Amino acid sequence: MASSNSFKLRCSIPGHEMDVRGLATAIFPEGAFVSVSRDRTGRVWVPNSSPDTGFSEMHCMSGHSNFVSCVCVIAPSETYPRGLFATGGNDNNICVFTLDQPQPLYTLEGHKNTVCTLSSGKFGTLLSGSWDTTAKVWLNEKCMMTLQGHTAAVWAVTILPEQGLMLSGSADKTIKLWKAGRCERTFTGHEDCVRGLAVISNTEFLSCSNDTSIRRWQVTGECIQVYYSHTNYIYSLAVFPDSQDFISTGEDRSLRIWRQGECCQTIRFPAQSVWCCCVLPNGDIAVGASDGIIRIFTESEDRMASAEDLQAFEDELSKATIDPKTGDLGDIKLEDLPGREHLNEPGNRDGQTRLIKDGQKVEAYQWSVSDGRWVKIGDVVGGSNQQTSKSVMYEGKEYDYVFTIDMNEEGPSMKLPYNVTDDPWLVAHNFLQRNDLSPMFLDQVANFIIENTKGHVVGPAQIGGGDPFTGGSRYVPGSSNDGSGFGADPFTGAGRYIPGSSSNASAPSGVADPFTGKGAYSSAAQRQTSTNIYFPKTDGVTFEQANAPQIIAKLKELNEGAPQEHKLSDDTMGSLEQLLLVVCGANSPETPPTIQQISLLWKVSHWPEDIVFPVLDILRLAVRHPQVNESLCGEAEGVQLCNHLLSLMRPDGRPANQLLALRTLCNSFSGRHGRALLVSQREAVLSRAADLAAVFNKNIHIALATLVLNYAGCFHIQPDLDAKAQCLSVASRALETVQDKEAIFRLLVALGTTVASDQTAQDLARSLGVGSQISKYSTVSEPSKLGECCQLVLKELQ
C-alpha cells in the first residue's frame with residue numbers, strides 16, 4: 001500500500017449538529033469508530049466499501065438530557081460479544097449502550113457534576129472523571145470505588161494495562177496514580193489544567209495540558225521528556241498502535257503528528273477548538289472539532305480524498321478567521337508585515353506560520369513540507385487597526401467590552417471582560433471559575449453576553465455556539481502462645497509484659513487446623529488438593545491469649561509512676577482487676593461484669609497514651625464478653641468507642657496502642673452489637689487501618705489482616721458490593737508492604753472469602769490486578785497453608 005509519509009484528508013463527516021467532543025475506536029464492526037457531541041447523541045461510523053473512502057452512520061444513540069462530553073468502548077464479554085459504548089455527559093450521568101438499540105442499556109448515576117472523561121479496562125471495569133473532583137470505578141452497573149484527592153475537576157482518566165493501576169489528571173495541575181483505590185503517587189510539573197492522558201506502555205504515559213505542553217512520564221514518577229509545539233490549550237492525545245509516536249489536538253485549531261519525539265506535521269482546521277482525536281486500527285486519524293464535523297486523515301494514498309475534496313478543504317481553511325488575541329500568532333503590527341512576495345521563500349519546518357499583508361488585510365499561511373508550499377489557513381481579524389468597537393482597558397489589556405456583573409445584592413460587583421471574537425460560553429465558564437461561582441449560572445452569563453453583543457460577531461458563526469468546557473487558567477477533592485495459628489497473642493511471655501513483641505504465629509503445618517490450631521487437619525499429601533478448608537471464613541477471628549497477673553502487674557507499675565492527676569485509686573485498680581478476671585473466665589460465669597466496672601474501664605481507657613496500653617489490653621479482652629460488648633458497642637456508646645480506637649490508630653501513634661486498638665476491633669466482632677457497630681463504621685475503620693500497613697511491625701500487620709478478614713466474613717454472609725470493594729482494596733494495598741507470612745495468609749483468606757461465589761467481586765479483584773499480585777505466593781511450601789490458600793484464591797479468579 002502506497003504511503004506518502006504525510007497525512008492528508010481522507011473524508012469529512014458532517015454527522016453532528018454541534019461540537020464533536022469525544023471519539024473512540026470501536027471493536028465491532030471492523031474499522032468503525034464512535035463519536036459523541038454536544039447535540040446529545042453518540043454515533044457509530046463504519047467505513048464504506050472500496051473505492052469509497054468515506055464513512056456511513058450505522059447507529060445513533062441518545063439518552064443524555066444534556067451535552068455528551070466523552071466516550072469509551074467497553075471490551076467484549078460473553079454477554080456482549082460486540083462490546084459496549086459508554087458515554088458521559090453534562091447531566092452528571094454515564095449511559096451505556098449496545099449496538100442493538102438507541103436507548104441506553106443502563107445508566108450509571110453517582111457523580112455530582114459533569115462526567116467529562118471515561119476509560120475502560122479489563123473485565124468490564126469502567127473509570128470516570130468529573131467536575132465534582134472525583135474519579136469513580138464502576139463494575140457490573142455498580143460504583144465500586146470513589147477516588148478522592150484532587151482539588152479541582154478531573155479532566156482525564158485512563159487505566160494502565162497491567163496491575164490495576166489507574167491515572168487521573170485534573171484542573172489542579174496534577175496527575176495521580178491510583179492502586180486499589182489509594183493514591184500511590186502524585187505527578188507535578190504542568191503549570192495549568194491537565195486535559196488528556198494516553199498510555200504508551202505498562203511503564204510510561206503521556207499527558208497534555210492547558211499550559212501548551214505535552215509531558216512523557218514514567219509510572220515511577222519521573223518526567224522524562226517535555227514536548228512543545230502547540231500555542232494554546234491541548235485537549236487530547238492518542239498513541240499509534242504498537243508505537244511510541246502519537247497525535248495531539250488543541251485550541252490552536254490544529255492536529256499535530258509526533259514522530260520520534262518531534263512534531264513532524266501540523267494540520268490546521270477551519271474551527272477554533274479541535275476537541276478530540278483517536279487513531280483507527282489501520283493507522284488513520286479521526287478528529288472532532290467545534291464545527292460539528294469529524295475529519296479522517298490518512299497516510300495511505302489510495303484512501304486519500306480526491307483532488308477536488310482536498311482543494312475544497314484547503315479553500316474552507318483559507319476562509320477561516322483567526323483572532324490574534326488567542327496569542328497563536330504573536331503581536332501583529334500591520335505596518336511591519338511583509339507583502340505576498342514573502343511567500344516565495346520556503347519555510348523551515350512543517351507547520352511554520354507566516355503572516356503577510358495584502359492591502360489592509362492580514363492573511364495567515366502555514367508551510368506544508370509534503371506539498372512544498374505555503375497554504376493559507378485563514379484571515380486574521382481584530383488586529384490593532386481593525387477594532388470592531390472602541391477598546392476598553394481592564395487589568396492592562398484591551399477588550400471590546402467590560403461588563404459589570406452583580407450576582408447578588410449584598411456582594412461586590414464583578415468585571416467580565418469580553419472580545420467579540422471570544423467564545424461567549426468559554427468566557428462565561430472562565431468567569432464563573434475565576435469568581436468561584438456555581439456552574440448553574442453558565443447559561444445565564446453566556447446568554448447575557450450574547451444578548452449584549454448582538455451584531456458584533458466576527459467570522460462565520462459556529463453551529464450551536466462554542467463550548468464552555470475548555471478549562472481556564474484558574475479552574476476552581478506477639479512471645480510464646482498456645483500454638484494456635486489465629487489468635488496468637490504476644491502478651492503471654494513469662495517474666496516480661498512487652499506489647500508488640502514477637503509472636504509465633506504459624507500453626508503446625510499439616511497437623512493443626514489453620515484457624516484454631518486444633519482438629520483433624522490433614523497434610524497436603526493426605527487429602528484432595530481441591531478441598532478448600534480456608535475460605536469462605538465467616539466466623540470472627542479473635543485474639544484470646546491473656547496473662548491476667550502480668551497485665552495487672554504492669555498496670556500497677558505504670559500507675560505508680562503516673563502524674564498525680566492520672567493516678568488510679570486502690571478501689572479503681574481493684575475494680576479493673578476484678579473485671580479482667582471475670583472476662584478471662586477466672587471467676588464463676590454466674591458473676592457478670594457490673595455496669596460500674598464497664599464504665600470505669602471506658603473512663604480509664606482515656607489514660608495518657610504513653611501508659612494506657614495495659615488498659616487497652618483489658619479492653620481487648622473485655623469486648624468479647626456479651627455484656628461488655630453490648631454496653632460499649634451499642635448504638636449510644638459504640639461510635640464513641642470506635643472514634644477513640646481510631647484516634648489511637650493514627651499513623652503517628654504509639655505502636656503498642658495501634659496494635660491493641662486493632663485487636664480490640666477484631667474482638668468486637670465476637671458480639672452482635674460489635675459486629676453491627678463495625679459494619680456501620682466500616683469505611684472509616686478500614687481506611688484508618690489500611691494506613692497501618694506502612695508501620696513495619698509484624699504483629700500490627702497480623703492484626704490488620706485479621707480485621708480485614710473479619711469484615712470479609714461479615715460481607716460474605718450479608719453481601720455489600722461497596723464493602724467488598726473496600727475489603728479488596730485494603731487487602732491489595734496491605735499485600736504490597738506486608739512481609740510476615742501469617743499476615744499474608746490471613747489477607748489471602750480475606751481475599752478468598754470476599755470473592756467466593758461472587759462474580760462481581762471476582763471481576764473487581766481481576767481488574768485490580770489481585771491475581772498477578774498474589775501469584776508469587778502460590779509456590780510457597782512453608783507454611784504449606786500459604787501456598788495452598790493462594791492457589792485456591794487464584795482458582796476463584798480464573
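The structure presented is a predicted model; accordingly, all values stated were derived computationally and were not measured. Along the sequence shown, the residues carry numbers beginning at 1.
- Contact check for Arg43 versus Thr41: side-chain heavy atoms found under the 4.5 Å cut-off.
- For Trp45 and Ser35, the side-chain atoms include at least one donor-acceptor pair closer than 3.5 Å.
- The environment of Gln759 atom CD is dense: over 12 non-hydrogen atoms of other residues, nucleotides or ligands sit within 6.0 angstrom.
- Side-chain contact between Met61 and Val44: present, with at least one pair of heavy atoms (C-beta onward) separated by less than 4.5 Å.
- The two residues Gly121 and Ile159 have their closest heavy-atom pair at N-CD1, 3.5 Å.
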Quiz item: Please walk me through it: do Cys72 and Ser119 pass side chain to side chain contact (heavy atoms under 4.5 Å, CB included)?
Solution: CA-CA 6 Å; Cys72 76; Ser119 179; 5.7 Å; no

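- You'll find the side chain of Val96 reaches within 4.5 Å of the side chain of Tyr106, heavy atoms only.
- Considering Asn210, Asp211, Thr174 as possible partners of His190, the one that fulfils the side chain to side chain donor-acceptor pair (under 3.5 Å) test is Asp211.
- Residues Ser273 and Glu251 bring a donor and an acceptor atom of their side chains to less than 3.5 Å of each other.
- Trp275 and Ser236 share no donor-acceptor pair across their side chains, judged by distance under 3.5 Å alone.
- With 3.5 Å as the limit, one finds no donor-acceptor pair spanning the side chains of Arg303 and Thr53.
- Here the NZ-CZ distance, from Lys176 to Arg185, works out to 12.0 Å after rounding to the nearest 0.5 Å.
- Side-chain contact, Gln244 with Ser201: no donor N or O sits under 3.5 Å from an acceptor N or O.
- Looking at Trp155 and Ser170, their side chains never bring a donor and an acceptor atom within 3.5 Å of each other.
- Atom CD of Glu683 is surrounded by 12 or fewer heavy atoms from other residues, nucleotides or ligands within 6.0 Å.
- Note: Thr249 OG1 to Leu237 CG = 8.0 Å, rounded to the nearest 0.5 Å.
- No side-chain donor-acceptor contact under 3.5 Å links Gln265 and Arg256.
- The CE atom of Met145 lies 12.5 Å from the NZ atom of Lys136; values are rounded to the nearest 0.5 Å.
- The shortest distance between side-chain heavy atoms of Asn113 and Asn90 does not fall below 4.5 Å.
- Looking at every heavy atom in both residues, Cys116 comes nearest to Ser69 through CA-OG, 3.7 Å.
- The cationic group of Arg766 lies under 6.0 Å from the six-membered ring centre of Phe123 and within 45° of the ring axis, placing it in a cation-pi geometry.
- Contact record, Thr114 with Ser130: O-OG, 2.8 Å, taken as the closest heavy-atom pair.
- Contact of the Val199 side chain with the Glu204 side chain is not registered, since no non-hydrogen atoms from C-beta on lie closer than 4.5 Å.
- A pairwise comparison of heavy atoms in Cys70 and Thr117 identifies SG-N, 3.3 Å as the closest pair.
- By the 6.0 Å and 45° rule, Arg253 does not stack over the aromatic ring of Phe269.
- Scanning all heavy atoms of the two residues, the minimum distance from Ala152 to Asp172 falls at CB-N, 3.6 Å.
- When side chains are defined from C-beta on, Leu9 does not count as touching Ile296, because their heavy atoms never get closer than 4.5 Å.
- Between Tyr227 and Phe246, the two ring planes are perpendicular [angle over 60°; tilted spans 30° to 60°].
- Considering CG of Leu764 and CE of Met144, their distance stands at 4.5 Å, rounded to 0.5 Å.
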Quiz item: When you look at Arg268 and Thr266, which way does the side-chain hydrogen bond (donor to acceptor under 3.5 Å, both in side chains) test go after all the steps?
Solution: CA-CA 6 Å; Arg268 299 280 179 173; Thr266 300; over 6 Å; no

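- A donor-acceptor pair is defined here as one N or O able to donate and one able to accept, closer than 3.5 Å; such a pair exists between the side chain of Asp252 and the backbone of Thr231.
- Side-chain N or O atoms of Asp19 include none that pairs as donor or acceptor with a backbone N or O of Arg21 at under 3.5 Å.
- Annotation: side chain of Trp217 is in contact with side chain of Ile175 (closest heavy-atom distance under 4.5 Å).
- Taking the six-membered ring where the residue is Trp, Phe97 and His64 present tilted rings, their angle falling between 30° and 60°.
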Self-check item: Stepwise salt bridge (charged side-chain N to carboxylate O under 4.0 Å, His left out) test for Glu316 and Arg295
Solution: CA-CA 13 Å; Glu316 184 183 13; Arg295 295 176 176 88; 3.7 Å; yes

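- Counting heavy atoms from C-beta on, the side chains of Ile285 and Leu280 never come closer than 4.5 Å.
- With no hydrogens or angles considered, a side-chain donor-acceptor pair links Trp178 and Ser168 at under 3.5 Å.
- When atom types are taken as modelled, the side chain of Asp132 and the backbone of Lys112 share a donor-acceptor pair closer than 3.5 angstrom.
- With ring centers used as reference points, Phe85 lies 6.0 Å or more from Phe33.
- Here the straight-line distance linking atom CG of Asp309 with atom OG of Ser12 works out to 7.5 Å at 0.5 Å rounding.
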Exercise. Go through the steps to decide whether Lys173 and Asp192 satisfy the test salt bridge (charged side-chain N to carboxylate O under 4.0 Å, His left out), and finish with yes or no.
Key: CA-CA 5 Å; Lys173 308 177 187 178; Asp192 207 332; 6.0 Å; no

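- From Phe55, atom CZ reaches atom CG of Asn48 across 8.0 Å, with rounding to the nearest 0.5 Å.
- In this structure, Phe28 has its ring center no closer than 6.0 Å to that of Tyr80.
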Exercise. Apply the test side chain to side chain contact (heavy atoms under 4.5 Å, CB included) to residues Arg216 and Cys223: give CA-CA distance (whole Å), side-chain angles for both, the deciding distance (0.1 Å), then the verdict.
Key: CA-CA 6 Å; Arg216 182 171 178 168; Cys223 178; over 6 Å; no

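- Residues Pro76 and Ile27 approach most closely at CD-CD1, 3.3 Å, considering heavy atoms.
- Of the possible polar contacts, one joining the Thr125 side chain to the Lys122 backbone as a donor-acceptor pair under 3.5 Å is found.
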Quiz item: Val239 and Leu206: side chain to side chain contact (heavy atoms under 4.5 Å, CB included), yes or no, with the steps?
Solution: CA-CA 9 Å; Val239 178; Leu206 297 167; 4.2 Å; yes

Practice problem: Any chance you could lay out the side chain to side chain contact (heavy atoms under 4.5 Å, CB included) test for Ile267 and Ile257, step after step, and finish with the verdict? | Solution: CA-CA 8 Å; Ile267 300 174; Ile257 292 95; 4.1 Å; yes

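- Here the side chain of Asp91 pairs a donor or acceptor atom with the backbone of Ser65 at under 3.5 angstrom.
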Quiz item: Step by step, would you call Lys179 with Glu184 a salt bridge (charged side-chain N to carboxylate O under 4.0 Å, His left out)?
Solution: CA-CA 6 Å; Lys179 169 72 174 177; Glu184 297 289 320; over 6 Å; no

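- His59 contributes a side-chain N or O that, together with a main-chain N or O of Thr98, makes up a donor-acceptor pair within less than 3.5 Å.
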